[in-house]
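One-based numbering, in listed order, for ligands and for the atoms of each. Excluded from the calculations below are hydrogen atoms, water molecules and symmetry mates; all remaining heavy atoms, backbone and side chain alike, are included. No experiment lies behind these values; they were computed from the predicted model shown.
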Amino acid sequence: MGTALLYHEDMTAARLLWDDPQCAIETPERLTAALERLRRRGLERRCLRLAAREASEAELGLVHSPEYVALVRGTEALDVEALRELSAQYDAVYFHPSTYHCARLAAGAALQLVDAVLTGAAHNGLALVRPPGHHSQRAAANGFCVFNNVALAAKHAKQSYGLHRILVVDWDIHHGQGTQYIFEDDPSVLYFSWHRYEYRHFWPFLRESDADAVGRGRGLGFTVNLPWNQVGMGNADYLAAFLHVLLPLAFEFDPELVLVSAGFDSAIGDPEGQMQATPECFAHLTQLLLALAGGRVCAVLEGGYHLESLAESVCMTVQALLGDPAPPLPGTLVPCRSALESIQSVRAAQAPHWASLQHQAMAPAPSPGASSLEGRPLPLLPREPAYKVAALSCRPSPPICTAVVLTTPEATLCLPPGVVRQEEAAPQEEAEAWARPHGALAQGEALTVLGKVLCLVDRILDGQVGSGITAIPAPALAATLDVSIRRGLFHGAQRLLCVAVGQLDRPPDLADDGRTLWLNFRDEQAAALSVFHVSVPLPGATGGFLSCVLGLVLPLAYGFQPDLVLVVLGPAHGLQDPQAALLVTLLRGPAGGRVLALVEEEPKPQLAGILARVLHGEAPPSLGPFSAASPEFTQALGHLRGQLEVHWKMLQVAGEAGDTVLS
Ligand code: Q9C
Ligand code: ZN
């Protein structure tokens, strides 16, 4: 079990045989560059290598008309002049004598990837294919695409495995109109695409690429288009699109399988996309998708024409599929105005179809000056180059992935291989010194645990351990948390995010200096006590939980750019195991996977094992049936976001912060 990588050298055979500037970018080197880089990074040998097979004509018939398949088959025997003539009948297409073979391999690779994942031979995977697929339609080639590989994969998953809910995420920079047409009336396939649009001035210049195209008939709301109306969209814009549009709908949809139309022409350097997102962004997007469908993610290459950017982005995607922590996103994350306008328009268009988008627009606008946080400078410390903690982007990942500190025997937790017990501890006198302010830590066992926790915090920050879990006797939890925060700051963390769930108080002598961000879920009013001290009521419904995590916690966490994330599940935390697992999974993103989870060892000793598995890269279980948040909860959360978004720009979901009220 692991990550499947599908490829076949024959797919490099097709190439443009005449002069056509519009098709010249779709070259065999696209595949060889990506594969070369995967080899050089040692990623290929970590994958389950599978040779692609050709899709059968019957399989092609799941999407394409027999006449069209016959026509493409016929191109094998055509001379260059006839190929050129036929190509000219389609928009941005070229045929080569090997096209039919390549296109059948591309489709076959996508089908085989679905087979590998749905039979359990692999957890997830990537098919490196060409020609691409998402512009291809029932009876038409289009935009370099001959057969619609991802649409075929979705139909195959429905037909051969009886799946009922498939999410297609099209992060290619072009609109996959072919995929949209194939599923527009089908509620079993949720199709999401973002694309360069520029108010319809960009190819393929379609009215139906806009946000108000939401599907038809029974498929209403199952087509989700996010048009980018400017070039230059970057990491913050893509991340905001996932957090505020795709993921709320995707979690509500609860897919059984995620297919990715993985085009990398949306990455920096690409001549078609003209966007700015860096390759690491694709590790984050992939990691976020892995939280869905039990991690059953099948990515299929679409576009990507800047060989360096393509190769790097493919590596980032594969690393994330393999479970490696995603490198932190470079630069400050502030979505641009145009992106926010697009996000707002798609949220408005989809709101009638999705409970998770309802009532959102009712949040009162923060009146200027009324907020106690208004006008306060945001003391975000700059990231110093002299930072003593090991460089976050350096690979490979730490020799030890996840370490646990336990007092109970680990046999009861079924820890996965690769998770180790942290035995090394700080010297006794040192532990005693750190324990001194806390009576609860002075005793024998609590002190022993503390010594190990001190050491674990250091090792995570030094990059020797990826992440950690500590199960602590309840009376010592708050004190251990306090010491962990102080130790992290002492050891060189510039910013430390603490997500505390349950009845836990912010350590009283913690300075409100921007080095720590304290987020507390507890049974109280939503309140931003400062920019760095936020309290949120505990949501009961899954919808409320998801809004909190996607709409508040992750935007704050990504905006804060912490060096370490502490997740604490304290007294009366009220989270179900799948919720705790999802929270911890998603919090791997913002700090390069550096998460330390602190849990009470009773009454649920197995919780530490659940968290160990997700920190180790396993997919979290499904949250179960979606239940909508109460309007009151949504209102309170919206108000809180309104207060905070002045400072935390990743919270924004509209072009004019707060002052646009949708009908
Ligand atoms: N400036 C894929 O990325 N338009 N297809 C060419 C030249 C065609 C893209 C315009 C782009 C097709 C899979
Ligand atoms: Zn594309």
| message | Polar contacts were defined as any N/O atom of the residue lying under 3.5 Å from an N/O atom of the ligand; does this apply to D265 and ligand 1? | response | yes
| How are the rings of H175 and H195 set to each other: parallel, tilted or perpendicular (split at 30° and 60°)? | tilted
| message | Any donor-acceptor pair under 3.5 Å linking the side-chain atoms of T278 with those of N235? | response | yes
| field | Interatomic spacing from CZ in R41 to CD in Q319 - rounded to 0.5 Å | value | 7.5 Å
| message | For the 3.5 Å polar cut-off, considering only N or O atoms, please tell me whether H174 and ligand 1 meet it. | response | yes
| task | Compute the ring centroids of W354 and F222, then answer whether they are less than 6.0 Å apart. | result | yes
| So does D265 have any N/O/S atom less than 2.8 Å away from the Zn ion (ligand 2)? | yes
| Proximal ligand 1 atoms for H134, defined as those under 4.0 Å from one of its heavy atoms | 13 (C)
| remark: The protein heavy atom nearest to atom 2 (C) of ligand 1 is Y305 OH, 2.8 Å
| Which of the atoms of ligand 1 are close to Q22, meaning less than 4.0 Å from one of its heavy atoms? | 6 (C), 10 (C)
| What does the angle at the Zn ion (ligand 2) come to, between atom ND1 of H174 and atom OD1 of D172, rounded to 10°? | 100°
| Closest non-hydrogen protein atom to atom 8 (C) of ligand 1, residue and atom name please, with distance? | A92 CB, 3.7 Å
| Are E272 and ligand 1 in contact, using a heavy-atom cut-off of under 4.0 Å? | yes
| What is the closest protein heavy atom to atom 5 (N) of ligand 1, and at what distance does it sit? | G143 O, 3.0 Å
| query | Any luck finding a side-chain donor-acceptor pair between E59 and H156 under 3.5 Å? | reply | no
| task | Would you mind running through ligand 1 and noting each atom that sits below 4.0 Å from a heavy atom of P132? | result | 13 (C)
| query | With a cut-off of under 6.0 Å to the ring centre and 45° to the axis, is R196 in cation-pi contact with F202? | reply | yes
| Member of W203, Y90, Y305 meeting the ring-ring contact (aromatic ring centres under 6.0 Å, His included) criterion with F144 | Y305
| task | Look only at interatomic distance and state if C145 has a nitrogen or oxygen under 3.5 Å from any nitrogen or oxygen of ligand 1. | result | no
| said: At less than 4.0 angstrom from any non-hydrogen atom of D172, what atoms of ligand 1 do you find? | reply: 3 (O)
| Which of the atoms of ligand 1 are close to G303, meaning less than 4.0 Å from one of its heavy atoms? | 3 (O), 13 (C)
| said: For the residue pair Y191 / D170, report whether a side-chain donor-acceptor contact shorter than 3.5 Å exists. | reply: yes
| Relative to the ring of H64, is the ring of Y68 parallel (under 30°), tilted (30 to 60°) or perpendicular (over 60°)? | tilted
